[in-house]
Structure formats: structure tokens, C-alpha cells
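First comes the structure, then the notes that go with it.
So you know, we letter chains A, B, ... as the sequences are listed, proteins then strands, and number each from 1.
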2 protein chains.
Amino acid sequence: MRWDALEEEPCSVARTIGVIGDRWTLLILRECFLRTRRFEGFQSALGITRHLLAERLKKLVRTGILRRIPYQESPKRHEYILTQKGLDLYPIMMAIVHWGDTHMVDERGRPLLHEHKKCGKVFDPVMVCSECGEPLAAKEVTTRPGPGARPRPDRRPAESEAKPKARKRAAAA
Amino acid sequence: MRWDALEEEPCSVARTIGVIGDRWTLLILRECFLRTRRFEGFQSALGITRHLLAERLKKLVRTGILRRIPYQESPKRHEYILTQKGLDLYPIMMAIVHWGDTHMVDERGRPLLHEHKKCGKVFDPVMVCSECGEPLAAKEVTTRPGPGARPRPDRRPAESEAKPKARKRAAAA
DNA sequence: TTCTATAGTTCTAAAATTGAACTGTCAATG
DNA sequence: CATTGACAGTTCAATTTTAGAACTATAGAA
């Protein structure tokens, strides 16, 4: 599977992964949510190579997750700011943080706490059902095809008729 | 940054990404939540090379996200099943699906709908504050260091002394 | 003039991924 | 009993990505 093909898949997971599903992109997005905005800021916080950083930022701009905005003329300089589409990635980030907080912390405890401005408390994110408000777990959910569904392709190499095995003892003739 | 180093970072995002933050792993996990359990099942659903699939499954088992369970003797065969740690990834998956459903669907609409068994309705996942129950948005949250916090390293190549780059009055002697 | 800050680009070497074939076990088939 | 098919991998060459380092460019400051 070529990676640009991911965005064509009839699957919201695949399409999302096609855009943000690599390690550096996710780390760059973490930085965005921590208010990093500039090239050097990302580079020094992450230790990513400048080459890859430039590449990833370009892709994030192209896909509408970041906007590149000038913050000074001469020399021209730009900042990278999350668009609304980018801000909407927040639940993904929080879900990732929460899983890490639950399963990956060492004896020191969590590196970062989150405070909800509205209620003033340190919180954990909880995923609930939009209809009944109950917390969600995998086992309480079933899936069914939606309007955009297409049959799942079988990607096994299709044992072509045209090419009879004749592997073993290759071309024994 | 070497990738095994990610799991050492004082950051729950980095550590989580170190375990599940690559494209194939995320797609394999999607399949797990869709009830795929066997090697051939993953391979034919995803089109991943057998080499990488074997590698990724091993890592998921090693990190405690999947358990490898025999389902027949002679020849020995195993299935890959989500552990509780793996099932806890559900909110991440749902957050990814939801973002894709919101920002990446084509004119056909969503490929997959989710039904909450408890309330019987097709739902969207909503992330709320554990303390007040209100939906969360990035702008309503502030962060502060937790017990496991450590100062953020600056990873810029450290302008080595050994290399007389004539830095600020470089040791004018 | 030289240095520094910022935001990249270019290059080569190293690492990861792809694609395809190959291995091995056992059951069923002709 | 030799062949085939299902399953779960392993092996290896070729390609693609990524890492690491140096280089380019602009403009203000020392």
C-alpha cells in the first residue's frame, strides 16, 4: 500500500492516519498544543532533523491542519498555527496522553497535569456517548456500515491463474 | 532521536507514540477492534508485508497490548487478542475515527457507524472533563508540571567548544 | 565586518520498508 | 503416496525514508 493511497480508503481511521499517522507528525502536533509555533522551536524541542521538520510542516499546512502566518517582514518569517481542523485533533492528543498516563508512567508519576479552566480542577479526559452520556468501552459498541461503506477488499496477492506455481525447482524444464 | 528512546521521555505522548505511533501499528490495532485475530486475517485485510506484520505483532505482544494465544495444536497456531491495556486504546481509536468522520469523509458519507449497546443509538464519541463532565476543547485547558516532570531539554546541537566556530569572543586566548 | 537568529535546502550514509520467494507443519485429496 | 492447500511465519535484494551534518540566505546587532 502506498501511503497516499491511505487517504482514498473507505475508512476514517486509515484516512486520518494518512495525514497524522507518523511519529514525527504526532510529536509536532504535541508541540503545537503546547504553544510552539516556530521552526526553531519545534526543532529544538524535538531534535527532529531540519529536513524532516520542513517536510512535515509542509504536509500539515497542505492538509489544512496548520496555517503558515507571517509574523515579520524582512526577513520574512512565519509561524505555524493550528487551524480549527487542527484544534479538532485535541481529543486524539488527550486520548494518547491519557493512555500514556495510565500505562506508561514510571514511579515518578505523570509528567504533565491538565486543568480545566471552566471548573478549575485537574482532570482526566473521559470519552462518552454523545447520545446517553455514558462512558464508552470497546465491548459496549457495535459497528455497522454507513453510507460511505464499500466492501472490504481482500489484498492477498490473487494467486493468478495465468501464473501457475512452478516455483519449486524453478522452471524445472 | 532513536525510537526506543521515545519510551524514556518524560512525556506520555512520546511514550505512547513509541509504542503505537506508526502507521501499520495503528492499522493493525484498527483490525483488532474490528475482531481480526489471525496473521492471515491482518495480512489480507491490510496488504501489509508479512515481514512487517510479524515484526509489529511481536512488538505489540512485547509491550503487552496483544496476547498471543494458541487456538490449535499441531500445527501450533496462535491468535492475537487485545489485552486490557490494548482495549484501553479504544478512546484513541474512536477519537481518530471521529476526526476522520468530521474532516476526511467524501460525499458518500461515513464508512462506518457506531452503535452504543446500552442506549441503542448511533453515536459520536465526545471527550469530557472527568470532574465536571463538560466537553473539552484545547482552549479551555491549561497544563502544569506533574510529579514526573523534568525540565525540557534543548536538543539543538550544542555548539561544541571543541569546534572553534569563533563563538562570542571564543576563548580569546 | 563579523556574529547571531531564523528558516530553510542539499547531500551522503544508515535504517526501515517493500515485494517476492521460501520454509515447515499438518490435513485432505486423488 | 505424492500433491495441494491453509496457515504462520522467515529470508533476502531492491527501494524508500530518515538521520546527521553542512550549507544558503536575509537582516539586525556588535
Output yes when [X] and [Y] qualify as a salt bridge under the 4.0 Å nitrogen-oxygen rule, no when they do not.
| X | Y | answer |
| --- | --- | --- |
| Lys117(B) | Glu140(A) | no |
| Glu40(B) | Arg77(B) | no |
| Arg144(A) | Glu115(B) | yes |

Is the closest side-chain heavy-atom distance between [X] and [Y] below 4.5 Å?
| X | Y | value |
| --- | --- | --- |
| Ile48(B) | Leu27(B) | no |
| Asp124(A) | Met94(A) | no |
| Arg30(A) | Cys11(B) | yes |

Listed once per pair and sorted, the salt bridge (charged side-chain N to carboxylate O under 4.0 Å, His left out) pairs that draw on residues 86-106 of chain B, sequence neighbours left out:
Arg15(A)-Asp106(B), Asp101(B)-Arg110(B), Asp106(B)-Arg108(B)
Atom-to-atom span, [atom1] of [X] to [atom2] of [N] - whole angstrom:
| X | N | atom1 | atom2 | value |
| --- | --- | --- | --- | --- |
| Asp4(A) | dT18(C) | CG | P | 13 Å |
| Phe42(A) | dA7(C) | CZ | C1' | 13 Å |
| Gln43(B) | dC7(D) | CD | C1' | 12 Å |
| Arg77(B) | dA27(C) | CZ | P | 11 Å |
| Lys59(A) | dT17(D) | NZ | C1' | 13 Å |

Looking at [X] and [Y], what are the two nearest heavy atoms and their distance?
| X | Y | answer |
| --- | --- | --- |
| Pro10(B) | Arg150(B) | CB-NH2, 3.6 Å |
| Leu26(B) | Gly21(A) | CD1-CA, 4.4 Å |
| Trp99(B) | Met104(B) | CZ3-CG, 3.7 Å |

In terms of hydrophobic clustering (I, L, V, M, F, W, Y; side-chain heavy atoms under 4.5 Å; direct or indirect links), are Leu66(A) and Leu34(A) co-clustered?
no
Check whether Leu89(A) and Leu57(A) end up in the same hydrophobic cluster, where Ile, Leu, Val, Met, Phe, Trp and Tyr are linked by side-chain heavy atoms less than 4.5 Å apart.
yes
Does any residue of residues 51-58 of chain A have a heavy atom under 4.0 Å from DNA chain D, and if so, which ones, in number order?
Leu52(A), Arg56(A)
Residue-level proximity of residues 13-31 of chain A to DNA chain D when a heavy atom falls under 4.0 Å:
Trp24(A)
Tyr80(B) vs dG9(D): side-chain N/O to OP1/OP2 distance below 4.0 Å
yes
Going through the checks in order, is the side chain to side chain donor-acceptor pair (under 3.5 Å) test met by Arg37(A) and Tyr80(A)?
CA-CA 5 Å; Arg37(A) 293 147 129 60; Tyr80(A) 296 89; over 6 Å; no
With DNA chain C as reference, determine whether Arg38(A) or Lys76(B) sits nearer its 5' end, using the nearest nucleotide of each.
Arg38(A)
Among residues 60-74 of chain A, which ones have heavy-atom contacts with DNA chain C below 4.0 Å?
Arg68(A), Tyr71(A)
When you measure from the side chain of Arg50(B), which nucleotide among dT26(D), dG9(D), dG8(C) comes out closest?
dG9(D)
Which nucleotide in the set dA6(D), dT6(C), dT26(D) lies at the smallest distance from any side-chain heavy atom of Glu40(A)?
dT6(C)
Show me the pairs that pass ring pair (Phe, Tyr, Trp, His ring centres under 6.0 Å) and involve residues 4-34 of chain A, at least two apart or across chains.
Trp24(A)-Trp3(B), Phe33(A)-Tyr90(A)
All stems that DNA chain C takes part in, i.e. 3 or more consecutive Watson-Crick or G-U pairs with distances under 3.5 Å, are C:1-30 with D:1-30
